[in-house]
Amino acid sequence: MASSVQQLVILGASGDLTRRLLLPGLGTLLAAEPERKVEVVGVARTEISRDDWRATLAAALEDGGASEPVIKATVARARFEVADSTDAGDLQRVVAGMRPHAVLYFSLPPHVTVKICALLEGMERPDGLRLALEKPFGEDQQSARTLNEQLLRVVPEDDIFRVDHFLGRATVLDLLGFRFANRIFEPVWNAQNVERVEITYDETLALEGRAGYYDGAGALVDMLQSHLLLVLAMVAMEEPSRIDHVELRDLMVHALRATRVADADPVASSRRARYTAGVVDGKEVPAYASEDGVDPKRGTDTLAELLLHVRNARWEGVPFVLRSGKALGRDCNHVTVTFRPVRYVPDGLTGEPTPNRITLDLRPQRITLDITTNAAGRNLELERTTLAAELGEPAMRPYGEILGRIFDGDPLLSVRGDAAEECWRIVDPVVAAWRAGKVPLDEYAAGTERPAAWAARLGEGPPLSPPDP
Ligand code: NDP
């Protein structure tokens, strides 16, 4: 049985993720659910004194909105261990201090995580140990499979929490209520009615000192391969009869298994680009290639677009376009579902009907629906009307949502091993085509929308799917 104090042991506690996302996320969890008792154990090679660790924790919990008594109690329980977790002796010492059902959180570069998992295999471990791993899970389908096999030698699948914080985003979860708790959307959520789906995550943020990680990944691997494909799975999946970790994740994998690069052509179905110097929000941004820590010869993409098809009866022929980039002209994070035009507009109505379009903004959270109405004061003339609803602030940040589930031993919001492998299976041919130089690395000036050569979006033009029956 789980102890009433939940232990969270963070390997790599000196790093960026811990400080910027994980601990403040915990703060939002403890603000929303102050009855939870958590012992936070930081582990890193960097010497951090107990007082400094406690001060870091207190600041992060405060940032997350936890109350003073909760912060005080959590900080009093916290401790820090200086250890190199890749050293068997050090790791054994850390593991020996873990309680049953402790969460071991790998806030580490992925290659370090792999090493530590191998060491864990040969060690005595606490009962009910839970492993929380950050993306990327592997670097292609094969390495993801090998990592999954290795993890399963340490703990069972339901105790492996592959974290993708997009699954903790309230708007992504809102997709479930929106799709399945309304009479009017689900019947038209298919290729007969939908012309195109776009999942976009454009950021004004440039590299911001993350070259060490980002230059080896790029937009395709950092964003599309993990986050945006999981959003696609939520948009495209069949209807669950209940929301639990078995059914939701079964259906997400079902959708991912049907997903592939359009026309099996990774060259025609993908585009990549890298930003040159420019101005974003009035601030000068240097060219990506000249940023500290970037190796320009690597040709890392900072903007990626991918055209996918979900090959099943519901979605056959509908283009799903995934796109994400850095240092762009505006932040634009949304799922857009564009519907086919009506088959017939009565004679006598003037003007073109605008296509119905549903947009779910991920940040800030908002749903908008574009419809066609008669223009005010000009009764037989058509015009576009937009209905919009703000969804309000979520109770927790994504890392709070996800940590809460991990503490409860519920993998609902964690990526199952087969889903992680499927995501790589979808993008592996694109990565190979890019590495082989078959897709040019275009350029866009920081602060602009896209390279000049990308006038039309991928998959734009006449519908790729057959016309309505
Ligand atoms: P960092 O590069 O900041 O590394 C975290 C810590 O890992 C370091 O502080 C260091 O601690 C330890 N470390 C680094 N190299 C080694 C090594 N060779 N051997 C042992 N320990 C090492 O990573 P982040 O905190 O940015 O990210 C952690 C994980 O989270 C990564 O998998 C990343 O992909 C993922 N992630 C990060 C996000 C972010 O915004 N930062 C967002 C989403 C996911 P020390 O030297 O003190 O032991």
Side-chain angles (χ1 to χ4, degrees), residues 8-26 41-50 52-53 56 60 63 80-91 93-94 103-120 131-139 143-144 147 151 160-169 172 201 203 205-230 292-294 300 324 326 333 363 397-403 406 413-415 420 423-424:
L8 171 65
V9 179
I10 306 172
L11 306 182
S14 55
D16 178 68
L17 178 90
T18 303
R19 186 177 30 81
R20 218 167 39 82
L21 296 172
L22 193 56
L23 295 180
L26 175 65
V41 182
V43 180
R45 298 172 304 184
T46 305
E47 284 207 28
I48 298 178
S49 70
R50 193 180 66 171
D52 284 350
W53 174 242
T56 301
D63 175 40
F80 191 87
E81 287 192 38
V82 179
D84 178 353
S85 309
T86 61
D87 174 90
D90 277 13
L91 183 64
R93 183 164 49 80
V94 171
V103 174
L104 186 59
Y105 203 110
F106 293 83
S107 187
L108 291 163
H111 71 277
V112 182
T113 297
V114 170
K115 264 194 210 162
I116 295 172
C117 287
L119 289 177
L120 277 174
L131 305 181
L133 294 105
E134 277 293 333
K135 60 147 226 166
F137 318 114
E139 51 195 35
S143 59
L147 177 58
L151 291 170
I160 302 170
F161 298 82
R162 295 174 194 79
V163 174
D164 187 304
H165 67 275
F166 265 53
L167 292 183
R169 277 177 183 273
V172 174
Y201 202 90
E203 296 181 281
L205 208 67
L207 191 57
E208 310 283 323
R210 289 196 65 211
Y213 162 68
Y214 193 85
D215 201 42
L220 175 68
V221 165
D222 184 42
M223 294 299 300
L224 275 60
Q225 184 278 140
S226 47
H227 304 312
L228 300 195
L229 276 173
L230 294 171
D292 273 353
V294 165
T300 300
S324 181
K326 281 192 174 298
N333 313 319
R363 221 174 40 180
R397 295 186 200 160
Y399 273 92
E401 287 280 355
I402 283 170
L403 279 173
I406 299 177
L413 300 183
S414 298
V415 180
C423 288
W424 280 115

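All values below were derived from every heavy atom in this structure, side-chain atoms included, with hydrogens, water molecules and symmetry-related copies excluded. Every number for a ligand or one of its atoms is a count from 1 in the order of the listing. Bear in mind the structure is a predicted one, so any value in this text is a computation, not a measurement.
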* To do: Identify, by atom number and element, the atoms of ligand 1 in contact range of Ala44, meaning under 4.0 Å from any of its heavy atoms.
  => 47 (O), 48 (O)
* Asked: Any donor and acceptor pair, going by atom type alone, linking the side chain of Asp90 with main-chain N or O of Asp84 inside 3.5 Å?
  -> yes
* Asked: What protein heavy atom sits nearest atom 32 (O) of ligand 1, and how far away is it?
  -> Leu108 O, 2.9 Å
* Hey, is ligand 1 close enough to Pro109 that some N/O pair sits below 3.5 Å? -> no
* Structure fact -> Here the pair of heavy atoms bringing Ser107 nearest to Thr18 is OG-OG1, 3.0 Å
* Does the ring of Phe166 carry Lys135 above it, NZ/CZ under 6.0 angstrom from centre and within 45° of its axis? -> no
* **Interatomic spacing from CZ in Arg45 to CG in Leu11 - rounded to 0.5 Å** => 11.5 Å
* Going by distance only, is there an N or O of Gly15 that falls short of 3.5 Å from an N or O of ligand 1? -> yes
* Heavy-atom nearest neighbour in the protein, as seen from atom 9 (O) of ligand 1, with distance rounded to 0.1 Å -> Ser14 OG, 2.7 Å
* How far is atom 47 (O) of ligand 1 from its nearest protein heavy atom, and which residue and atom name does that atom have? -> Thr46 OG1, 2.4 Å
* Asked: Heavy atom of Arg210 under 4.0 Å from ligand 1?
  -> yes
* Kindly determine whether Leu167 and Ser414 satisfy side-chain contact (heavy atoms from CB on, under 4.5 Å), including the steps that lead there. => CA-CA 7 Å; Leu167 292 183; Ser414 298; over 6 Å; no
* Should Arg397 and Asp63 be marked as a salt bridge (Lys or Arg N to Asp or Glu O under 4.0 Å) after you check the CA-CA gap, both sets of side-chain angles, and the distance that decides it? -> CA-CA 11 Å; Arg397 295 186 200 160; Asp63 175 40; 3.3 Å; yes
* Looking only at distance, does Lys135 have an N or O less than 3.5 Å from an N or O of ligand 1? -> yes
* Asked: Any idea which heavy atoms bring Cys423 and Leu229 closest together, and the distance?
  -> O-CD1, 3.7 Å
* To do: Could you tell me which atoms of ligand 1, counted from 1 in the order shown, lie closer than 4.0 angstrom to a heavy atom of Pro136?
  => 34 (O)
* Structure fact -> atom 44 (C) of ligand 1 sits nearest the protein heavy atom Glu134 OE1, 3.1 Å
* Nearest protein heavy atom with distance in Å, relative to atom 13 (N) of ligand 1 -> Arg45 NH2, 3.7 Å
* Asked: How about atom 1 (P) of ligand 1: does it have a protein heavy atom within less than 4.0 Å?
  -> no
* Considering heavy atoms of the protein only, find what lies nearest to atom 27 (O) of ligand 1 and give residue, atom and distance to 0.1 Å. => Leu17 CB, 3.8 Å
* Check step by step if side-chain contact (heavy atoms from CB on, under 4.5 Å) holds for Leu22 and Leu403. => CA-CA 9 Å; Leu22 193 56; Leu403 279 173; 3.9 Å; yes
* Asked: Hey, does Tyr105 have a side-chain heavy atom less than 4.5 Å from the side chain of Val163?
  -> yes
* Scan the protein's non-hydrogen atoms and note whether one is under 4.0 Å from atom 15 (N) of ligand 1. => yes
* Asked: Got Val43 and Val9 here, is their nearest side-chain heavy-atom distance under 4.5 Å?
  -> yes
* Arg19 heavy atom under 4.0 Å from ligand 1 -> no
* To do: Could you tell me whether ligand 1 has any atom less than 4.0 Å away from a heavy atom of Gly212?
  => no
* To do: Would you name the heavy atoms of Val221 and Ser226 that are closest together and state the gap between them?
  => O-OG, 3.9 Å
* Residue part near ligand 1, for Val112, under 4.0 Å between non-hydrogen atoms -> side chain
* **Distance from atom 3 (O) of ligand 1 to nearest protein heavy atom, with residue and atom** => Asp16 N, 3.3 Å
* Looking at atom 5 (C) of ligand 1, what's its closest protein heavy atom, distance included? -> Ser107 O, 3.4 Å
* Minimum heavy-atom distance Ala219-Ser324, with the two atoms named -> CB-O, 3.6 Å
* To do: Considering the heavy atoms of Arg20, write down every atom of ligand 1 situated less than 4.0 Å from one of them.
  => 39 (C), 40 (O), 41 (N)
